[in-house]
Every structure is written in C-alpha cells, then in structure tokens.
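Inspection log for the structure reproduced underneath, given as structure tokens.
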Amino acid sequence: MVTEEQIQDWADEAESGYDVDELRRRGRGRPGRGAEPMQVVAVRLTTEELASLDAAAAKNDMSRSEAIRAALARLGA
C-alpha cells in the first residue's frame, strides 16, 4: 500500500528535478549478463518439479533462473 507520505516524497523529488546524466548512465531494463544478447526460453514444469526447483534454489541461495542455468551448466559439462 502506498502512503500519502510516500506520494508526497515522490512529488517533492520530482519537483526538485532529476539528474538527467545520472538517469542516462543507469540505462533501462535488466542488467546484462554478458556481451551477447540473451534469449528467453519457456519451459513447462509440473507443480512438483517447480516445488523441487524452488527448494533447490532456496537451499543454494539462488533465484529460479540461476538454479536452472547452474543445472544446465552441469548437464553440459
């Protein structure tokens, strides 16, 4: 839930102006993982497979994507 105080803080920030050079430096979208563009691949998993994936990711302090990439790296090694 957004509070009135948060809205006022955002309004005050906007009224004071933004550093355009800083905004341009940050760029848009997710940060890249390498020099080459990446592709999104859709995979269908059962409820059990997804639960197993999430458990393994949590155990290793990883996101789902990181766990999948690690598994693929081990499979290709």
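Side-chain contact between E66 and N60 is absent, with no heavy atoms from C-beta onward closer than 4.5 Å. In this structure the side chain of L50 never reaches within 4.5 angstrom of the side chain of T46, judged on heavy atoms.
If you chain together hydrophobic residues whose side chains sit under 4.5 Å apart, L53 and L72 fall into the same group. When hydrophobic clusters are built by joining Ile, Leu, Val, Met, Phe, Trp and Tyr residues whose side-chain heavy atoms come closer than 4.5 Å, directly or via intermediates, I68 is grouped together with V41.
Expressed to the nearest 0.5 Å, how far CE of M62 lies from CG of D54 amounts to 13.0 Å.
Listed by chain and number, the residues in a side-chain contact (heavy atoms from CB on, under 4.5 Å) with E15 are D12 (sequence neighbours excluded).
Hydrophobic cluster membership for M1: none, as no Ile, Leu, Val, Met, Phe, Trp or Tyr side chain comes under 4.5 Å of it.
Closest heavy-atom contact between Y18 and W10: OH-O, 4.4 Å. For the pair E49 and R44, the tightest heavy-atom approach, listed with the atom from each and the gap, is OE1-O, 4.3 Å. Taking both residues in full, the closest heavy atoms of S63 and A57 are given as O-CB, 3.7 Å, listed atom of the first, atom of the second, then distance.
Other residues, nucleotides and ligands contribute more than 12 heavy atoms inside 6.0 Å of the CD atom of Q6. Around CG of D19, the count of heavy atoms belonging to other residues, nucleotides or ligands within 6.0 Å exceeds 12.
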